[in-house]
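What follows is one structure encoded as structure tokens, with my remarks underneath.
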Protein chains: 2
Amino acid sequence: MTTTEQSYNVYEDRCPTRLVLDCLADKWALLILDLLQGGPARFNHIRRDIKSISQKVLSQTLRRLERNGLISRTIFPTVPVTVEYALTPLGRTLTDTVSALTHWAEQNMDAIFAAQRAYDERDAG
Amino acid sequence: MTTTEQSYNVYEDRCPTRLVLDCLADKWALLILDLLQGGPARFNHIRRDIKSISQKVLSQTLRRLERNGLISRTIFPTVPVTVEYALTPLGRTLTDTVSALTHWAEQNMDAIFAAQRAYDERDAG
DNA sequence: AAAGATAGTTTCCAACAGAAACCACGGAGA
DNA sequence: TCTCCGTGGTTTCTGTTGGAAACTATCTTT
């Protein structure tokens with residue numbers, strides 16, 4: 001309807017933007033990007049910081065972010081081997097937006113929980 | 001830690017912010033919020049606009065967004081019945097961030113697809 | 001009478017997520 | 001030497017979720 005200047009329509013199936021959102025609109029991906037704003041981090045460091053993420057999902061998400069050019073993966077031949085993940089320049093252009101999302105979540109938590117309680121009471125009554 | 005204003009750590013398990021992200025960090029939720037910026041919409045209208053969303057997931061996502069106070073659900077006793085979904089004031093405070101995400105996706109699509117090609121070629125070679 | 005519109009729910013199956021075990025490598029301690 | 005600890009993952013298994021299609025229910029149109 002209101003696509004005045006955009007040549008892409010986000011709602012269109014097969015729209016490339018949708019493919020991008022498929023990668024970004026993910027809880028773990030956002031948390032990882034947010035974490036890496038604080039500087040490079042290693043696999044087990046991320047795993048310990050983002051509590052309750054499983055190793056499988058962490059490695060899958062890191063690989064997806066790497067494939068999309070948002071983070072880099074550097075192997076240092078130490079003993080034991082060290083693998084460092086860091087934001088790429090492209091990834092860094094995204095962090096303001098990611099921060100905005102997490103900050104919004106923090107600031108509006110109370111309103112959201114109030115809404116949940118109201119909904120659940122309505123539902124029960 | 002520093003409980004001056006924020007006492008939450010996004011990476012902490014059981015952090016309430018994480019519960020909020022569980023709701024927001026979802027492709028369909030973001031697309032629906034983005035769509036509703038253009039004004040209220042009915043169930044089948046959203047369904048037709050956001051192509052390839054299934055009815056089940058659409059109704060589940062709408063209900064979750066409603067429960068979290070981001071959208072409202074209004075039933076008009078017409079024939080057949082009309083159900084209108086619209087952003088709440090709380091939901092409207094989120095739309096700037098959502099727009100930022102979708103715009104970022106549109107603007108950086110090409111870089112992302114280039115990164116994907118580079119990754120896949122590296123992988124194949 | 002049958003089709004079409006409204007807004008969903010239900011059913012079924014495939015895909016995905018998470019927990020735990022396992023792997024390979026080498027260093028350190030008993 | 002033998003076992004555990006650390007690195008960074010992969011594999012396996014199982015429970016949850018996602019998506020496609022069919023079904024519900026009500027009323028209008030053809």
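In what follows, chains are A, B, ... by sequence order, proteins preceding strands, each numbered from 1.
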For atom [atom1] of [X] and atom [atom2] of [N], their distance in whole Å:
X: A/Gln60; N: D/dT10; atom1: CD; atom2: C1'; result: 10 Å
X: A/Lys51; N: C/dA19; atom1: NZ; atom2: C1'; result: 18 Å
X: B/Lys56; N: C/dG8; atom1: NZ; atom2: C1'; result: 13 Å

Within the 3.5 Å criterion, strictly below it, is a donor on A/Arg18 or B/Ser52 matched to an acceptor on the partner's side chain?
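The answer is yes; a qualifying pair exists.
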Check whether the side chain of A/Gln55 and the base of C/dA21 form a donor-acceptor pair under 3.5 Å.
yes
Tell me which of A/Val57 and B/Arg63 sits closer to the 5' end of DNA chain C, going by the nucleotide each one is nearest to.
B/Arg63
Selected nucleotide, minimal atom distance to [X] side chain, candidates [options]:
X: B/Ser54; options: D/dT7, D/dA20, C/dG8; result: D/dA20
X: A/Ser59; options: D/dG9, D/dA20, C/dG18; result: D/dG9
X: B/Pro80; options: D/dC27, C/dT6, D/dT11; result: C/dT6
X: B/Arg73; options: C/dG8, C/dC12, D/dG8; result: C/dG8
X: A/Phe43; options: D/dG18, D/dC13, D/dG8; result: D/dG8

Tell me whether [X] contacts the main-chain N or O of [Y] through its side chain, where contact means a donor paired with an acceptor under 3.5 Å.
X: B/Asp26; Y: B/Trp28; value: yes
X: A/His45; Y: A/Ala41; value: no
X: A/Ser72; Y: A/Thr88; value: no
X: A/Arg42; Y: A/Tyr85; value: no

Base, sugar-phosphate, or nothing: which does A/Arg64 touch, judged by heavy atoms less than 4.0 Å apart?
nothing
Once you apply a heavy-atom cut-off of 4.0 Å, does B/Phe76 come out as touching a base, just sugar-phosphate, or nothing?
nothing
Could you say whether A/Val83 or B/Ile53 is positioned toward the 5' end of DNA chain D, judged by the nucleotide with the nearest heavy atom to each?
A/Val83
Is the distance from OP1 or OP2 of C/dG18 to the nearest side-chain N or O of A/Trp28 less than 4.0 Å?
yes
Should B/Arg47 be listed as having a side-chain N or O under 4.0 Å from OP1 or OP2 of D/dA20?
no
